[in-house]
Amino acid sequence: IVAILTFPLTGGYALMFFVGALSINMYIHYKVNRNIDAGIFSINYLASIASSVDSLIKMDIPFIYSYIERLKSCKSTCEIILKNSKSVERIAGMDVFGDYFNIIFLYQVRAYYRIMNKLENSREDLILIYNILGELDSFAAIASYKNDHEDKLCEAEFIKDERRLVIKKALNPLLIDGVENDIELGEKGIILTGSNMSGKSTYLRTAGVNAILAEAFGFALAKEYRGT
């Protein structure tokens, strides 16, 4: 900018200064950008997360009140991300011109380090945001799965007095149009035999996956589930 403004007065010297400054900035731009490309992508991703948090804290859903209150404590961090992330993004639809602009003024590089400095003391907030959004996302996934398979699910019943697993008409959640199987395991287990490719592994996976569903979420893909 100085070279351009002083060109009428200094002529060739201003041009030399401009070319020299441009060369230095070009070197810095490509040298630094190789190291911060992943960071720039991360900031753009953080911006989408901050936008989600901003939407969540405006919702009136009793079930997630405790989560909303915890997210509100991170509002200032989200505002920093949303306010500064646009500076890091490329100029949409103008990649070539955006590159020249970034080379001449090192705009993206300066913006990246500016936002990183502001987020330096927000590590705990970011961890909290990730944990809460991950938990809410898992709730949504479970609710969606239960809603889509409501007619095939049963509530898990847990037995305290004996080591036993009884599953009636169990289905493998990983198979489309799978075959229903009854599964019953006692204290001594079972001996499972059969020819190759007859479904022994699928049978065991059906028992295992349903046991995990029951223990983790309280339901199984079966007509009846009783287990220790």
Carefully, step by step, assess Ile132 and Glu135 under the rule side chain to side chain contact (heavy atoms under 4.5 Å, CB included).
CA-CA 5 Å; Ile132 291 176; Glu135 198 168 338; 5.8 Å; no
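- Residue Ser48 holds its OG atom at 12.5 Å from CD1 of Ile43, rounded to the nearest 0.5 Å.
- Linking Ile, Leu, Val, Met, Phe, Trp and Tyr residues whenever their side-chain heavy atoms come within less than 4.5 Å places Tyr67 and Leu133 in a single cluster.
- Nearest heavy atoms, Asp125 versus Ser73: OD2-O, 4.3 Å.
- Checked by atom type, the side-chain pair Tyr65/Asp60 shows a donor-acceptor distance below 3.5 Å.
- Neither side chain, Tyr225 nor Glu157, offers a donor N or O lying under 3.5 Å from an acceptor on the other.
- Scored by the side-chain hydrogen bond (donor to acceptor under 3.5 Å, both in side chains) test, Glu180 finds no partners at all (sequence neighbours excluded).
- Judged purely by atom type and a 3.5 angstrom limit, Asn210 uses its side chain to pair as donor or acceptor with the backbone of Thr206.
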Under the side chain to side chain contact (heavy atoms under 4.5 Å, CB included) criterion, do Ile49 and Ile129 qualify, and how do the steps go?
CA-CA 8 Å; Ile49 291 177; Ile129 289 170; 3.6 Å; yes
For residues 212-220, which side-chain N or O atoms pair as donor and acceptor with protein atoms under 3.5 Å away, sequence neighbours left out?
none

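- Smallest separation of non-hydrogen atoms from Lys200 and Thr193: CD-C, 3.7 Å.
- Looking only at distances, a side-chain donor or acceptor of Ser55 sits under 3.5 Å from a matching main-chain atom of Ser51.
- With hydrophobic clusters built from ILVMFWY side chains whose heavy atoms lie under 4.5 angstrom apart, Ile127 does not share a cluster with Ile81.
- A salt bridge does not link Lys152 to Glu150: none of the charged side-chain nitrogens sits closer than 4.0 Å to a carboxylate oxygen.
- Summarising the geometry of Lys168 relative to Ala222, their closest heavy-atom pair is O-CB, 3.3 Å, with the distance given to 0.1 Å.
- Listed here is the closest heavy atom pair of Thr228 and Arg164: OG1-N, 2.9 Å.
- Here Asn117 contributes atom CG and Tyr112 contributes atom OH; the two are 10.0 Å apart, rounded to the nearest 0.5 Å.
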What's the verdict on side chain to side chain contact (heavy atoms under 4.5 Å, CB included) for Val209 and Leu221, showing C-alpha distance, side-chain angles and the deciding distance?
CA-CA 9 Å; Val209 172; Leu221 203 64; over 6 Å; no
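- With hydrogens and angles ignored, the 3.5 Å screen pairs no side-chain donor or acceptor of Ser122 with any backbone N or O of Thr77.
- The two residues Tyr203 and Ile183 come nearest to each other via the heavy atoms OH-CA, 3.5 Å.
- Both Leu119 and Leu128 belong to a single network of hydrophobic side chains, linked directly or stepwise wherever heavy atoms of I, L, V, M, F, W or Y lie under 4.5 Å apart.
- Residue-environment remark: CG (Asn196) stays at or below the threshold of 12 foreign heavy atoms within 6.0 Å.
- For CZ of Phe139, the number of neighbouring non-hydrogen atoms (other residues, nucleotides, ligands) closer than 6.0 Å is greater than 12.
- Looking at heavy atoms from C-beta onward, Glu224 lies out of side-chain contact with Ile167 at the 4.5 angstrom threshold.
- Hydrophobic clustering keeps Leu171 apart from Val179 (ILVMFWY residues linked when any side-chain heavy atoms are closer than 4.5 Å, directly or through intermediates).
- The same ILVMFWY cluster, assembled from side-chain heavy atoms under 4.5 Å apart, contains both Val53 and Ile61.
- Distance CG/Leu136 to CG/Leu56: 6.5 Å, rounded to 0.5 Å.
- Separation of atoms CG (Asn131) and CG (Leu126) is listed at 11.0 Å; rounding is to 0.5 Å.
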How far apart are the C-alpha atoms of Glu184 and Leu165, what are their side-chain angles, what is the distance that settles it, and do they pass the side chain to side chain contact (heavy atoms under 4.5 Å, CB included) test?
CA-CA 6 Å; Glu184 185 167 351; Leu165 176 64; over 6 Å; no
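- Closest of all the heavy-atom pairs between Ile115 and Ile80 is CD1-O, 4.3 Å.
- Annotation: side chain of Asn181 is not in contact with side chain of Lys169 (no heavy-atom distance under 4.5 Å).
- In this structure, Arg226 CZ and Cys154 SG are separated by 11.0 Å, a value rounded to the nearest 0.5 Å.
- From Phe63, atom CZ reaches atom CD1 of Ile68 across 11.0 Å, with rounding to the nearest 0.5 Å.
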